[in-house]
Q: 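I have a structure here, written as structure tokens, and I will follow up with some questions on it.
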Amino acid sequence: MLQVAFIRQHLQEVKDRLAVRNFKEDGIVDRVIALDDERKKWQSEFEEIQAKVNSTSKEIGQLIAKKEAELAEKLRVEVAEHKSQLPSITDKLIAVEKNLLDEILKLPNLPHSSVPAGKTPEDNQLVREGGTKPTLPEGSFPHWELAKKYDLINFDLGNKLTGSGFPVYKGKGAKLQRALIQYFLDYNINAGYTEYLPPHMVNEATAYGTGQLPDKEGQMYYVPIDGLYLIPTAEVPVTNIYRDEIVKENDLPIKMTAYTPCFRREAGSYGKDVRGLNRVHQFDKVEIIQLVDPAKSYEVLEEMVIHVEKLLQSLQLPYRILRLCGGDMGFTSSLTYDFEVYSAAQDKWLEVSSVSNFETFQTNRMKIRYKDSNGKMQLVHSLNGSSLALPRIVAALLENNQVAEGILLPEVLKTYFGAKLIS
RNA sequence: GGAGAGUUGUCCGAGUGGUUGAAGGAGCACGCCUGGAAAGUGUGUAUACUCGUAAGGGUAUCGAGGGUUCGAAUCCCUCACUCUCCGCCA
């Protein structure tokens, strides 16, 4: 959520930057300021009356102590008069505060100055590519065929147990999941991240904190009887660990990593790239999250990009890094890099990670702050990225590494998986 | 699921209707003391909004939301959470 004070001070800049996102602000920005003006007006009226009530009440107390009941009675009548004005003012104040919040919640985060303007994924900027695309032998298979051939993943069984998009991993397929999770976590812990294993369901306040609510409830699975949401990513519970906390400046940066399953309804995306593991409703992911000094957040973002890049390199997968254009960026992000791996048999680039700086957009909602050297409260910046989302990594690993004898896994997984070959 | 007890500032903990934003202690910060440190000692130590160039003032906040009252941390109601006992149970 943007800060009203910031909008007030940078009115034109805010509008210009929203335009980079291709976001039609439709007068929201001006309305926010107008509503905030109105809010101030009602608030000061309210406070003025309340101040009178408070001071008069104090006098009444003193008069009663001095046994001057008549005077006290007179003041009591006076207070009642003041108070009779309050309900209508309070109603207006509450209404205007609600309207203000409604409006400001409609505004997405402001894109960083390096974000290219643009509307669609075609406008994303290629930052760099790495690795080499394999040349597959004749008669090579897409991953869903390979998964079947080596009995690694059973999509039909998932259908039976739950529904489409809930694959069942079996045997070496299940073990490969476990190996990847373990490897990714170890890799992150080595880089100074603290591991968490958070709840996989969250309450409304938590979903609101990272920006899933309001508006995106359709993307989450919901358990109405308990009012809980299944997490779409570890970002949600883990970032909220520090909700309403004032951290010490020395504690920054706070680096956290977590493995969780992720649940996504993917409403409205039926029939689009849903084959095999390309898009599923439940998948495993290891996430990295940082809370940092605002002055250093872009430096940290680049660090995180390198961190994820090296992880991909260690898996020997061909990848490319994209800087998302304004139109393709998520609602809460200021700058996002997407990582895609090339899945050879499908001849497709698959998104496997998304690394973003949210600046204060999330922390303003969650009120995650620190006291700077001048003793001033500051919101920290939050960042996160996947390292990595498993299904598409598995898809690429299977497709790119298929040989006549089976699937030849990258060296780095050998100790985790216990073998180099899936056959 | 049933019965009971609780939820106060960074932490511990007092407070049961009036000047309590909140005693006391610990912690932390700064100073004194010291060769240096510990101990001792002095001072300071919430957040948000708002008015003000500032000094400083106002309003709100004692789990959350409502109510009673001139006045609520304190009384009443609802909800959430924690703990104890019983039940059920991986």
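Letters A, B, ... mirror the listed sequences (proteins, then strands); counts begin at 1. Only this structure's heavy atoms are used, side chains among them; waters, hydrogens and symmetry mates stay out.
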Q: Using a cut-off of less than 4.0 Å, is there contact between a side-chain N or O of A/K248 and OP1 or OP2 of B/C28?
A: no
Q: Using distance alone, with no hydrogens and no angle criterion, decide if A/K255 and A/T194 have a side-chain donor and acceptor under 3.5 Å apart.
A: no
Q: Could you check which of B/A48, B/U19, B/U59 has an atom nearest any side-chain atom of A/Q50?
A: B/U59
Q: Considering every strand shown, what is the Watson-Crick or G-U wobble mate of B/A55 when both distances are under 3.5 Å?
A: none
Q: Listing time: all N or O pairs from protein to nucleotides 61-67 of chain B that are below 3.5 Å?
A:
none

Q: Give me the distance, rounded to whole Å, that separates B/A46 from B/G52 when you measure between the C1' atoms they each carry.
A: 22 Å
Q: Quick one: A/L93 CG to B/A60 C1', roughly how many Å, whole number?
A: 11 Å
Q: If I take atom CD1 in residue A/I246 and atom P in nucleotide B/G9, what distance separates them, rounded to the nearest angstrom?
A: 12 Å
Q: Within 45° of the six-membered ring axis of A/Y370 and under 6.0 Å from that ring's centre, is NZ or CZ of A/K248 located there?
A: no
Q: Using atom C1' of each nucleotide, how far apart are B/G40 and B/C33 to the nearest Å?
A: 8 Å
Q: Give the rounded distance in Å between these two atoms: NZ of A/K41 and C1' of B/C49.
A: 18 Å
Q: Could you check A/K371 against A/K40 and say which one's nearest nucleotide on RNA chain B is further toward the 5' end?
A: A/K371
Q: Taking a pair as Watson-Crick or G-U wobble with both distances under 3.5 Å, which nucleotide is matched to B/A14?
A: none
Q: Which value, in whole Å, describes the distance between the C1' atoms of nucleotides B/A80 and B/G66?
A: 15 Å
Q: Pick the P atom in B/U16 and in B/C76, then give their distance to the nearest Å.
A: 14 Å
Q: What verdict does the side chain to side chain donor-acceptor pair (under 3.5 Å) test give for A/S164 and A/N159, after you've listed the backbone C-alpha separation in whole Å, the side-chain angles of each residue and the deciding distance to 0.1 Å?
A: CA-CA 5 Å; A/S164 75; A/N159 247 326; 4.8 Å; no
Q: Using both distances under 3.5 Å as the test, list the Watson-Crick or G-U wobble partner of B/G36, or none.
A: none
Q: Under a 3.5 Å limit for both distances, which nucleotide forms a Watson-Crick or G-U wobble pair with B/A3, could you say?
A: B/U84
Q: Does A/R392 pair with A/E340 as a salt bridge, N-O distance under 4.0 Å?
A: no
Q: Consider the side chain of A/Q43, meaning its heavy atoms from C-beta on, and name the nucleotide among B/U59, B/C49, B/A48 that approaches it most closely.
A: B/C49
Q: Base, sugar-phosphate or nothing for A/E48? Non-hydrogen atoms, less than 4.0 Å.
A: nothing
Q: What distance, rounded to whole Å, do you find between the two P atoms, one in B/U53 and one in B/A26?
A: 42 Å
Q: What's the CD-C1' distance between A/E47 and B/G57, to the nearest Å?
A: 11 Å
Q: Classify A/L75 by what it touches in the nucleic acid, base, sugar-phosphate, or nothing, heavy-atom distance under 4.0 Å.
A: nothing
Q: Tell which nucleotide pairs with B/U20, taking only Watson-Crick or G-U wobble pairs whose two distances are both under 3.5 angstrom.
A: none
Q: Now, which nucleotide makes the Watson-Crick or G-U wobble pair with B/A73, with each of the two distances under 3.5 Å?
A: none
Q: Check for me whether the distance between the ring centres of A/H381 and A/Y298 falls short of 6.0 Å.
A: no
Q: Taking only the P atom of each, what is the distance from B/A22 to B/G44 in whole angstrom?
A: 13 Å
Q: Map A/N54 and A/S44 onto RNA chain B by nearest heavy atom, then report which one ends up closer to the 5' terminus.
A: A/S44
Q: Suppose you measure atom C1' in B/U19 against the same atom in B/A73; what distance do you get, rounded to whole Å?
A: 16 Å
Q: Just by distance, no angles: are the side chains of A/R275 and A/N278 close enough, under 3.5 Å, to form a donor-acceptor pair?
A: no
Q: What's the NE2-P distance between A/H82 and B/U69, to the nearest Å?
A: 18 Å
Q: Expressed as a whole number of angstroms, how long is the span from A/E97:CD to B/U50:C1'?
A: 12 Å
Q: Name the pairing partner of B/U78, where a pair is Watson-Crick or G-U wobble with both distances under 3.5 Å, or state none.
A: B/A64
Q: Are A/E13 and A/R17 close enough, and set up right, to give a salt bridge (Lys or Arg N to Asp or Glu O under 4.0 Å), and what steps lead you there?
A: CA-CA 6 Å; A/E13 188 195 330; A/R17 286 170 75 184; 2.8 Å; yes
Q: Let's see if you can work this out: which of B/U19, B/G18, B/U59 has an atom nearest to the side-chain heavy atoms of A/F46?
A: B/U59
Q: Any side-chain N or O of A/R369 below 4.0 angstrom from OP1/OP2 of B/A48?
A: yes
Q: Determine the Euclidean distance between corresponding P atoms of B/G21 and B/G63; express it in Å to zero decimal places.
A: 16 Å
Q: Look at the side-chain N and O atoms of A/R39 and state whether any lies under 4.0 Å from the OP1 or OP2 oxygen of B/U50.
A: yes
Q: Do A/S343 and A/E399 meet the criterion of a side-chain donor-acceptor pair at a distance under 3.5 Å?
A: yes
Q: Would you indicate which nucleotide in B/U59, B/U47, B/C70 comes nearest to any side-chain atom of A/M377?
A: B/U47
Q: When you check the side-chain N and O atoms of A/Q313 and A/Y319, is any donor under 3.5 Å from an acceptor?
A: yes
Q: Could you tell me how far apart A/L101 (CG) and B/C49 (P) are, to the nearest whole angstrom?
A: 14 Å
Q: Pairing donors with acceptors under 3.5 angstrom, does anything connect the side chains of A/Q316 and A/E411?
A: no
Q: Mind checking who B/C30 pairs with, Watson-Crick or G-U wobble, both distances under 3.5 Å?
A: B/G42
Q: In whole angstrom, what separates A/L86's CG from B/U59's P?
A: 12 Å
